[in-house]
Amino acid sequence: MLRTHTCGELRLADANKDVILCGWLHRSRDIGTIGFIDLRDRYGITQLSFDKNRDNEIFEKARKLGREFVLQIKGKVAERSSKNDKMPTGDIEVHVKEITVMNESKTPPFTIETETDGGDELRMKYRYIDLRREIVRKNLELRHNVTKFTRQYLDSQNFIEVETPVLIKSTPEGARDFVVPSRLNEGQWYALPQSPQTFKQLLMVSGFDRYYQIVKCFRDEDLRADRQPEFTQIDCEMSFVEQEDILLMFEGLIKHIFKNVKNLDFDKFERMSYEDAMKNYGSDKPDLRFDMKFVYLDNVARGYGFSIFDNAETIIAINVKQAANFTRKQIDELTEYVKRQQIGAKGMIYCRVLEDGSLKSSVDKFYDSNALQKWAKACNAEKNDLILVLSGDLHTTRKQMNELRLEVAKMQGLRNAEIFYPLWVTDFPLFEFDEENNRWHAMHHPFTSPKPEDFDLLKSNPAKIKANAYDLVINGVEIGGGSIRIHNRQLQQQIFATLGFSAEQAQEQFGFLINAFEYGAPPHGGIAFGLDRLCSILGGSDSIRDFIAFPKNNTGRDVMIDAPSDISPEQKKELGLI
Ligand code: ASP
């Protein structure tokens with residue numbers, strides 16, 4: 001080895017040892033006749049010191065070294081006269097006797113500090129330098145730990161990891177496929193998997209019983225902070241199980257990860273039906289770190305001559321605790337927030353419960369204090385609370401109120417990244433109707449089983465069918481989702497028919513799966529977790545990019561390697577593209 005120790009491990013007990021360290025020159029300075037270099041590697045930083053009076057030659061040599069030079073040093077560990085209790089190695093320094101420059105470095109384009117001066121694009125272009133920053137390195141260490149403890153748990157539960165192919169056939173899972181032209185089969189295309197869904201089901205038919213894979217998936221969607229065109233799933237499937245078995249098994253996985261990565265314990269995860277989530281929070285992934293459950297004022301706020309409420313399909317309120325002191329400006333900000341084009345509310349009504357219990361609303365013209373008391377009662381509002389109200393058609397108002405609820409919580413500092421609130425959302429509808437294309441879509445995917453008691457509704461009322469499908473939500477973020485699958489050929493064909501596939505189309509696209517169901521398919525179900533999102537939640541960040549070594553930017557580009565890019569005419573010709 002070119003070193004005896006890392007830059008993170010020397011302590012007072014090592015004083016007087018002769019050591020060899022390797023690392024990057026993080027920082028250097030000199031105070032008169034003493035020079036210092038902070039030498040950095042993956043494990044930490046060690047202070048090197050150079051005394052002009054002890055060795056002038058090496059003192060002068062050290063002064064000429066630039067930031068990020070790669071050094072090997074030999075020296076003796078010594079107790080520091082002024083210790084730094086913020087650094088694990090802060091009790092010691094190394095008196096350097098010999099320096100070898102292993103490689104020089106240009107001045108880096110940004111500082112290698114937690115608070116760096118480099119903007120996003122610059123750091124992405126030089127991601128290999130960005131990855132030297134402690135904060136980014138720690139994120140990848142966290143990710144490593146999450147996958148390590150995932151494998152540990154699943155292995156202990158008899159799951160086996162199986163790799164499935166990356167060059168596959170297009171499968172409809174809601175998103176667009178990335179496709180790859182085939183040279184050997186001119187004019188034909190592979191698709192990259194949006195998930196290994198059909199393969200894991202086939203593995204169940206093969207009898208593998210408990211499968212998992214930490215696997216790259218690809219979806220050609222519009223990008224946001226929490227989306228990447230390629231992302232990683234912890235993909236799992238089990239045979240001979242019911243929904244309850246899956247929820248308990250994977251609750252165990254998430255608990256195991258939180259215990260080992262964050263030393264946090266949880267009680268049994270709360271559960272909520274999709275219907276209740278929509279009714280009470282206007283979202284299928286409610287953030288339950290705070291309350292503000294929806295209150296429907298339909299029965300108490302109509303009939304007072306306020307036409308906006310009188311004509312609305314619904315009137316929804318939330319009670320913001322201890323917010324009556326919000327300033328006019330804060331309230332205006334919230335009103336502007338809900339009126340933004342993406343949210344689209346026409347306005348927001350509010351009512352403050354003052355210190356003396358009296359009520360002051362923005363619609364006092366229509367509602368006297370008796371009428372407002374009814375609002376307050378419905379909302380369980382106490383003094384100093386603030387009631388916010390939106391109205392309109394049911395679906396839209398719920399969605400808008402969900403946005404408002406999250407925004408107020410942010411204003412009040414209630415979205416604390418150190419608090420974790422896991423929640424199972426269950427009983428999703430099997431289908432959703434696509435008005436634009438006048439057809440049904442599978443809400444989860446077409447392999448999801450309806451609840452057996454709803455089989456009869458398949459012909460008469462597809463909208464009413466509930467699925468054996470579930471999502472795991474933590475802090476308002478969907479961390480995972482899955483379902484009990486169909487394992488019966490006829491039922492699967494019926495679902496394809498409802499989704500608008502002709503028998504030929506279904507056979508052409510999914511023949512392999514439908515046929516497999518005729519060779520002893522066991523009852524099975526599974527789930528997949530978004531590893532990048534799980535890591536970002538554990539790491540307290542909104543961006544999954546921080547937890548991916550080499551992420552794409554928000555136009556799907558890798559600005560470091562400059563991809564996507566054109567290919568040569570020869571390549572195109574070979575692929576039959578020109
Ligand atoms: N394949 C599904 C997905 O990617 C997860 C599952 O049903 O297991 O969302």
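Remember, it's 1-based here, ligands and their atoms both numbered in the order they're listed.
- The R219 neighbourhood of ligand 1 comprises atoms 3 (C), 4 (O), with distances under 4.0 Å to a heavy atom of that residue.
- Under 4.0 Å from ligand 1, heavy atoms of A528 appear from its side chain as well as its backbone.
- Defined by atom type and a distance below 3.5 Å, a donor-acceptor pair is present between the side-chain atoms of Y211 and D235.
- Each of the following atoms of ligand 1 lies closer than 4.0 Å to a heavy atom of Q233: 3 (C), 4 (O).
- The proximity of E237 to ligand 1, defined as any non-hydrogen pair under 4.0 Å, does not occur for either the backbone or the side chain.
- Neither the backbone nor the side chain of Q194 comes within 4.0 Å of ligand 1, counting heavy atoms alone.
- Atoms of ligand 1 found under 4.0 Å from any heavy atom of S195 (numbered from 1 in listed order, with element): 1 (N), 4 (O).
- Remark: distances from the non-hydrogen atoms of K200 to ligand 1 include one below 4.0 Å.
- When non-hydrogen atoms are compared, ligand 1 lies under 4.0 Å from neither the backbone nor the side chain of Q201.
- Geometrically, ligand 1 and S483 share no nitrogen or oxygen pair separated by less than 3.5 Å.
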What donor-acceptor contacts under 3.5 angstrom involve side-chain atoms of residues 418-432, with partners at least two apart or in another chain?
residue: Y421; atom: OH; partner: E270; partner atom: OE1; Å: 2.4
residue: W424; atom: NE1; partner: E251; partner atom: OE1; Å: 2.9
residue: D427; atom: OD1; partner: K451; partner atom: NZ; Å: 3.0

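- Of the heavy atoms in T448, none comes closer than 4.0 Å to ligand 1.
- With F269 as the aromatic partner, K255 meets the cation-pi criteria of under 6.0 angstrom to the ring centre and within 45 degrees of the ring axis.
- Between D562 and R557 a salt bridge is recorded (basic side-chain N to carboxylate O distance below 4.0 Å).
- Take E244 and apply the salt bridge (Lys or Arg N to Asp or Glu O under 4.0 Å) test, not counting sequence neighbours, and it matches R271.
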